[in-house]
Q: 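The structure that follows is given in the form of structure tokens.
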Amino acid sequence: MTNTMQMTRRTMLTGAAVAGALTPIIVASTAAHADDHAAPAELKGAKKVDLSKLAREKVELVKPPFVHAHDQKAKGGPKIKEFTLTIEEKKMVLDKDGTEVNAMTFNGSVPGPLMVVHQDDYVELTLINPETNTMQHNIDFHAATGGLGGGALTVVNPGESTVLRFKATKAGVFVYHCAPPGMVPWHVTSGMNGAIMVLPREGLTDGHGKPLVYDKVYYVGEQDFYIPRDETGKFKKYESPGEAYEDTVAVMKTLTPTHIVFNGAVGALTGDNAMTAKVGETVLIIHSQANRDTRPHLIGGHGEYVWATGKFANVPDIDQETWFIPGGTAGAAIYTFAQPGIYAYVNHNLIEAFELGAAAHFKVTGDWNDDLMTSVKSPQAS
Amino acid sequence: MNRHAETGSVSGISIAIPLALLAALSGAVAVKAGFASSGQHDGGVTAPEVVTIQPHSFEYREATEYFRKGLAVDAPKHDAKVRLPLDVMKFQTSRAEYQRCVLDGACAPAEYEGQAGPDLPVTGVSYDDAVQYAAWLSQRTGENWRLPSDFELAYAAADRFPDDALGIDADDTNPATRWLADYEREARRAASTNPKPQPRGSFGISTTGLVDFAGNIWEWTSTCNRRVDLDKTAEAETLDPAGCGIIIASGKHRSPMSSFVRNPKGGGCAVGAPPDNLGFRLVRRPTFFQSVVAFARRAATDALGPHISAHTEQNENEG
């Protein structure tokens with residue numbers, strides 16, 4: 001341990017400064033490349049919007065799996081939606097054995113909160129890196145266009161803050177994550193990711209003109225963690241993220257997570273914190289995985305309308321059993337519960353679900369429908 | 001209906017052995033039994049501390065799973081009267097005790113984190129491990145140790161043995177009512193306890209002197225998981241634990257577990273909270289002499305009435 005390089009705050013900031021100097025070059029080439037692609041409205045000489053005339057709305061974010069109140073159908077024209085994310089480096093407990101991670105978070109939770117806007121709204125984000133943190137951070141929105149998703153414009157040192165505005169041109173659910181120069185996967189797999197939902201201004205539809213309205217929305221953020229072990233196989237604990245860095249990267253490179261969890265810990269969405277619904281209620285489940293592929297499945301239910309890759313301009317798949325969300329993507333699924341009981345919502349790699357933690361529960365109340373299911377003969381000796 | 005096997009066997013013994021014969025034999029047999037057993041065991045191992053559970057009556061809810069019209073219902077509760085004392089380990093088997101068996105090469109290592117101290121109960125042991133340990137302990141002490149049945153644990157733990165009925169109307173035709181109630185209860189339980197094994201005595205003592213029952217360790221029993229359909233007239237037969245594979249672990253609630261499981265986990269179609277840990281304590285089968293004394297005492301009590309009964313109880317407590 002003594003001769004391994006200790007990642008101090010200073011060395012991290014130095015590394016970031018070097019990478020920061022290179023950033024303009026990367027940005028320039030990305031922008032040039034982007035021009036070759038399909039020409040969306042904003043490239044067709046669309047009239048310049050006078051932002052000072054747009055209504056502003058300040059949104060208070062809430063901790064996942066909950067989502068802040070929002071209209072499904074936009075009222076009026078595009079707005080500037082103001083959000084604040086405060087970066088919090090903190091230790092979090094991952095399981096009942098007390099395994100710790102030196103987590104990096106947006107607003108203190110893994111995942112960070114879900115933001116909801118409508119297509120053509122402007123997202124104006126204040127990103128705060130408090131003095132109490134030890135590292136440099138930024139944010140890359142997959143929903144944003146240019147500037148490394150905002151990553152190039154938002155690198156903040158401890159004690160700094162920044163404001164980024166981007167136009168939400170594409171409808172769908174999108175991942176956002178920290179992408180600091182040189183340390184992207186470490187920050188992302190330390191918990192620094194979340195999602196934004198850009199709703200079509202008219203709300204969701206089945207792609208054939210039928211509106212889809214949800215009664216409830218839950219946001220499940222799946223996270224793979226890579227916790228180093230000591231010689232005896234026990235998970236190690238570290239005073240600071242810097243001390244954990246080298247060992248953690250070594251585990252990351254095995255591509256074998258030690259934990260795969262929903263909402264920051266094994267069992268975080270079970271028991272008293274299980275999600276709830278009533279028979280007849282339509283629930284929208286947003287599921288993000290910023291780093292790794294996943295395949296959600298609702299045990300005992302279905303994905304009646306599923307945008308597996310999360311983009312609402314596409315016709316949703318219907319009546320899915322399991323849907324595939326590639327790493328670095330947020331997906332969305334709609335289901336109307338038809339039976340009461342306990343439902344497990346899992347990553348249907350069942351080893352990841354039940355051995356590593358990627359499982360949540362729904363508690364659903366209401367009347368049982370014998371037509372849908374009946375126990376004809378109870379379990380007994382045959 | 002459906003008297004559990006345990007009560008049945010107790011009454012069986014009492015009828016099978018004539019009182020007169022016992023009274024005559026008791027003295028001589030005592031000496032002989034003592035010699036015989038000390039000649040057979042390997043020695044070198046101190047038997048665990050036991051408490052002797054004195055005969056008493058209690059309410060017992062069956063460990064069997066009951067179904068009616070295809071849906072689970074609470075198992076029936078019976079008044080049980082046990083007329084023979086039971087020697088049961090005061091504490092759960094400790095890590096140090098279990099480790100002796102491992103070092104002897106007779107037991108598989110337990111799967112727990114931390115040191116094998118005398119103060120912490122052994123966890124991370126399967127039913128099969130517990131049976132192995134009981135055989136080893138019997139061999140090394142010359143006494144007869146075995147796992148208790150669920151009924152015996154209920155008898156021994158007395159006030160500390162929970163009634164795990166959900167109290168849901170048996171006429172409720174919505175199966176989810178039961179699933180949700182069970183889930184909520186388990187969630188509350190799991191959230192309220194630290195799952196880490198605690199030092200002996202941390203979870204208190206029953207009125208009968210049994211320590212730490214229904215803490216965060218579920219104790220293996222010798223009782224098989226059984227199902228009874230109340231719509232059928234035939235009764236389920238008592239299953240031999242050696243052949244059934246699914247065994248009841250008792251603690252804050254009954255939990256049927258595969259006999260090879262060392263660390264219970266939740267998940268899948270069983271969405272409730274699993275037991276925190278699996279451990280065990282053993283009962284000591286009385287020697288022939290002890291059976292005779294217990295029987296004679298009971299017979300005398302029955303014959304001479306309540307006055308003697310009170311006197312006898314006092315003597316036993318002093319002993």
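If you're wondering where the values come from, they're calculated on a predicted model, not measured in any experiment. Below, chains carry the letters A, B, ... as their sequence lines are ordered, and counting in each starts from 1.
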Q: Say you draw a straight line from CG of B:Leu180 to OG1 of A:Thr365; how long is it, rounded to the nearest 0.5 Å?
A: 7.0 Å

Q: Quick check on A:Glu355 against chain B: is it the side chain, the backbone, both or neither that has a heavy atom closer than 4.5 Å?
A: side chain

Q: First locate atom CG of B:Asp229, then atom NZ of A:Lys377, and finally report the distance between them rounded to the nearest 0.5 Å.
A: 9.0 Å

Q: If only atom types and distance count, is the side chain of B:Asn174 paired as donor or acceptor with the main-chain N or O of A:Gly366 below 3.5 Å?
A: yes

Q: Given a strict heavy-atom distance threshold of 4.5 Å, which part of A:Val364 is in contact with chain B: side chain, backbone, both, or neither?
A: backbone

Q: Find out whether A:Lys363 and B:Glu184 are in side-chain contact, i.e. whether some heavy atom of one side chain is under 4.5 Å from a heavy atom of the other.
A: yes

Q: Where on B:Asn194 is there a heavy atom nearer than 4.5 Å to chain A: the side chain, the backbone, both, or neither?
A: neither

Q: More than 12 heavy atoms of other residues, nucleotides or ligands under 6.0 Å from CD1 of A:Ile318: yes or no?
A: no

Q: Which pair of heavy atoms, one from B:Ala187 and one from A:Gly271, lies closest together, and at what distance?
A: CB-CA, 3.3 Å

Q: Give a yes or no on this: more than 12 heavy atoms of other residues, nucleotides or ligands lie within 6.0 Å of atom NZ of A:Lys96.
A: yes

Q: Check whether A:Ser378 reaches the backbone of B:Gly70 with its side chain - one donor and one acceptor, N or O, closer than 3.5 Å.
A: no

Q: Counting only heavy atoms not in B:Lys196 (residues, nucleotides, ligands), do more than 12 fall under 6.0 Å from its NZ?
A: no

Q: Using side-chain heavy atoms (C-beta onward) and a distance below 4.5 Å, is A:Thr270 in contact with B:Tyr183?
A: yes

Q: Identify the two heavy atoms, one from A:Gly341 and one from B:Trp179, that lie closest to each other, and give their separation to 0.1 Å.
A: CA-CE3, 4.1 Å

Q: Can you tell me if CG on A:Leu372 sees more than 12 non-hydrogen neighbours from other groups inside 6.0 Å?
A: yes

Q: Does A:Lys234 NZ have over 12 foreign heavy atoms under 6.0 Å away?
A: no

Q: Looking at every non-hydrogen atom in both residues, tell me the closest pair between A:Asp272 and B:Arg188 and how far apart they are.
A: OD1-N, 4.4 Å

Q: How long is the gap from OG1 on B:Thr173 to CG on A:Asp370, to the nearest 0.5 Å?
A: 6.5 Å

Q: Nearest 0.5 Å, what's the CG-CH2 distance between B:Asp172 and A:Trp368?
A: 12.0 Å

Q: Heavy-atom distance under 4.5 Å to chain B: side chain of A:Thr232, backbone, both or neither?
A: neither

Q: Please state whether the side chain, the backbone, both or neither of A:Asp97 comes within less than 4.5 Å of a heavy atom of chain B.
A: backbone

